[in-house]
Amino acid sequence: MPSPLPALRRLTPRVLRTELLSGLVVALALIPEAISFSIIAGVDPSIGLFASFTMAVVISVVGGRPAMISAATGAIALVVAPLAREHGLGYLVATVIVGGVFQVALGALGVARLMRFVPRSVMVGFVNALAILIFMAQVPELTGVPWVVYPLVAGGLALMVLFPRITRAVPAPLVSIAILTAITLGAGLAVPTVGDKGALPSSLPVPGLPDVPFTLDTLTLIAPYALAFALVGLMESLMTAKLVDEITDTRSGKTRESIGQGVANIVTGFFGGMGGCAMIGQTMINVKNGARTRLSTFSAGVFLMALCVVFGPWVSQIPMAALVAVMILVSVGTFDWHSIAPGTLRRMPWGETGVMVITVAVVVATHNLAVGVVVGSLAALVVFARRVARLADVTACLDTDGHQVVYAVTGELFFASSNDLVHRFAYATDPDDVVIDLTDAHIWDASSVAALDAVRAKYAARGKKVTVVGLNEPSAELHDTLTVSH
């Protein structure tokens with residue numbers, strides 16, 4: 001595993017400032033989110049905060065995507081919530097550890113390579129859906145609150161839009177948080193604060209073993225939850241890594257990231273955390289603030305614990321309006337507005353747009369990015385199969401003396417396109433010598449070989465000879481292996 005030290009040696013004072021300040025902004029944004037996800041999972045807020053701390057620190061060293069933030073997430077909370085509710089914290093922690101082991105195994109088996117099969121239309125849908133989810137998560141913070149919250153949020157948005165025109169030396173979100181906090185404290189405004197979300201921990205987490213019986217029955221109980229935990233965590237992390245790759249125009253180690261997620265969850269479990277994966281919203285904050293190295297991720301974890309343990313009383317007084325404004329701006333900046341521009345929609349094939357819409361709809365309906373990506377990818381597969389199936393064609397050419405007919409088959413032959421292949425030949429009226437020319441075709445699967453066998457059988461039943469020519473090497477090998485007509 002490559003060492004993170006070479007990247008750290010490239011840090012200049014300017015880059016160092018950017019990384020540390022960005023990490024501080026992320027840490028501030030992590031606190032209410034981690035507390036909220038702890039509530040979803042049905043555990044004490046400190047469990048989510050401890051998980052965010054250990055995940056960020058460990059993944060900054062062992063992960064494959066610099067500047068990506070991993071911490072306690074809503075998707076993971078939803079997976080482990082039923083187990084925590086029915087069996088208690090000990091079983092949740094054990095699930096996190098076993099889920100981490102599954103992630104290491106899946107990473108070593110090369111599950112990250114499956115990401116190449118995620119189409120761009122699904123990726124765009126994923127990005128747009130996460131932007132919508134980030135915005136939707138802020139709505140509860142804007143309902144049933146004092147009226148002064150709304151001008152505070154508007155002021156925070158204005159500060160973050162305008163402040164970069166003055167200087168980019170300090171991240172605008174950090175300035176906005178500081179100014180809004182000063183205003184609420186100075187004016188004595190009674191608005192929801194970070195402290196209203198839950199008590200912050202006053203000490204660092206300590207390692208220990210989960211409080212469960214170490215038996216086969218325990219493993220049988222937690223294994224299904226652990227596998228779901230591993231798959232959801234890897235899906236969200238790898239999709240987020242791919243998104244950051246595109247934004248930063250850099251490549252990341254997906255296999256290393258998969259294994260790193262597992263290692264981070266194992267460590268998190270032994271420290272009593274609820275586990276986690278890549279956090280899309282906080283990652284976007286980090287990347288949009290200019291962070292590009294592992295230091296921002298590491299500092300986010302360290303600052304998180306420092307803010308909770310050392311500066312807890314002050315952090316608790318930060319108005320939620322300040323953090324809501326940050327996340328709203330992140331959601332607006334994350335959404336791919338070009339994808340819904342009228343010009344883009346006119347040019348884009350309906351299938352591509354449909355896949356994007358399906359992905360967004362499923363994610364928003366389930367609040368699960370992993371489910372949306374799977375459904376979107378399956379929809380893209382169906383669209384692709386329908387499109388390619390239409391490219392296969394059969395053209396007949398009878399020779400001048402009428403003793404031989406040559407059928408030129410063109411296109412990609414697979415289960416969808418070869419379905420009607422049998423019906424494209426004139427068995428009754430063709431001469432006794434039939435040639436099927438596959439020079440401009442490619443055989444992909446057993447369905448196509450079976451279709452060719454059916455064609456030969458129909459001609460053979462009429463006493464006619466069929467010769468297949470023009471097979472390329474892969475097609476010939478597959479045909480010779482699977483055909484039953486020799």
Side-chain angles (χ1 to χ4, degrees), residues 30-56 58-59 70-104 133 137 140 196-237 261-280 282 301 304-305 308 366-371:
L30 275 174
I31 294 174
E33 297 259 322
I35 295 174
S36 297
F37 298 146
S38 300
I39 295 171
I40 292 173
V43 297
D44 188 80
S46 62
I47 304 301
L49 290 165
F50 287 160
S52 296
F53 163 61
T54 53
M55 285 293 298
V58 176
I59 205 68
S70 290
T73 61
I76 294 298
L78 290 172
V79 171
V80 300
L83 185 68
R85 183 170 55 251
E86 296 175 18
H87 301 281
L89 178 61
Y91 284 87
L92 182 153
V93 172
T95 299
V96 173
I97 295 173
V98 176
V101 173
F102 280 150
Q103 287 180 328
V104 171
L133 288 183
D196 295 332
K197 288 289 184 180
L200 303 182
S202 57
S203 61
L204 294 173
V206 293
L209 296 175
D211 184 18
V212 295
F214 291 90
T215 63
L216 183 60
D217 288 340
T218 299
L219 182 60
T220 303
L221 172 65
I222 67 175
Y225 292 96
L227 182 59
F229 172 101
L231 293 174
V232 169
L234 283 182
M235 178 69 77
E236 292 214 15
S237 298
Q261 287 288 327
V263 172
N265 275 305
I266 292 171
V267 173
T268 296
F270 281 118
F271 275 90
M274 60 179 276
C277 62
M279 286 201 79
I280 299 159
Q282 276 65 21
L304 173 64
M305 272 295 99
C308 292
T366 63
H367 283 235
N368 192 318
L369 290 161
V371 172

- Task: Verify side-chain contact (heavy atoms from CB on, under 4.5 Å) between T73 and V232, making sure each step is shown before the conclusion.
- Result: CA-CA 11 Å; T73 61; V232 169; over 6 Å; no

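- Taking the side chain to side chain donor-acceptor pair (under 3.5 Å) definition, one finds that T54 meets it with T268, sequence neighbours left out.
- A search for ring-ring contact (aromatic ring centres under 6.0 Å, His included) contacts involving F271 returns nothing, not counting sequence neighbours.
- Residues S38 and M274 meet the side-chain proximity criterion, which asks for heavy atoms closer than 4.5 Å.
- The shortest distance between side-chain heavy atoms of I35 and L200 falls below 4.5 Å.
- From F102, atom CZ reaches atom CG of L234 across 12.0 Å, with rounding to the nearest 0.5 Å.
- A distance of 9.0 Å separates OG of S203 from CE of M305, quoted to the nearest 0.5 Å.
- T215 and D217 form no side-chain donor-acceptor contact under 3.5 Å, judged by distance and modelled atom types alone.
- The closest side-chain heavy-atom distance from I222 to V212 is not below 4.5 Å.
- Taken to the nearest 0.5 Å, the OG atom of S52 stands 5.5 Å off from the CG atom of L30.
- With values rounded to the nearest 0.5 angstrom, L304 atom CG is found 13.0 Å from M55 atom CE.
- Atom CD in E236 sits 7.0 Å away from atom CD1 in I76 (nearest 0.5 Å).
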- Query: Yes or no on side-chain contact (heavy atoms from CB on, under 4.5 Å) for D211 and L89, after CA distance, side-chain angles and deciding distance?
  - Reply: CA-CA 8 Å; D211 184 18; L89 178 61; over 6 Å; no

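- Each ring-ring contact (aromatic ring centres under 6.0 Å, His included) pair with one or both residues in residues 208-235, not counting sequence neighbours, would appear here, but there are none.
- To the nearest 0.5 Å, the span separating CD on E33 from CG on L49 amounts to 11.5 Å.
- In this structure, N265 contributes its side chain and G276 its backbone to a donor-acceptor pair below 3.5 Å.
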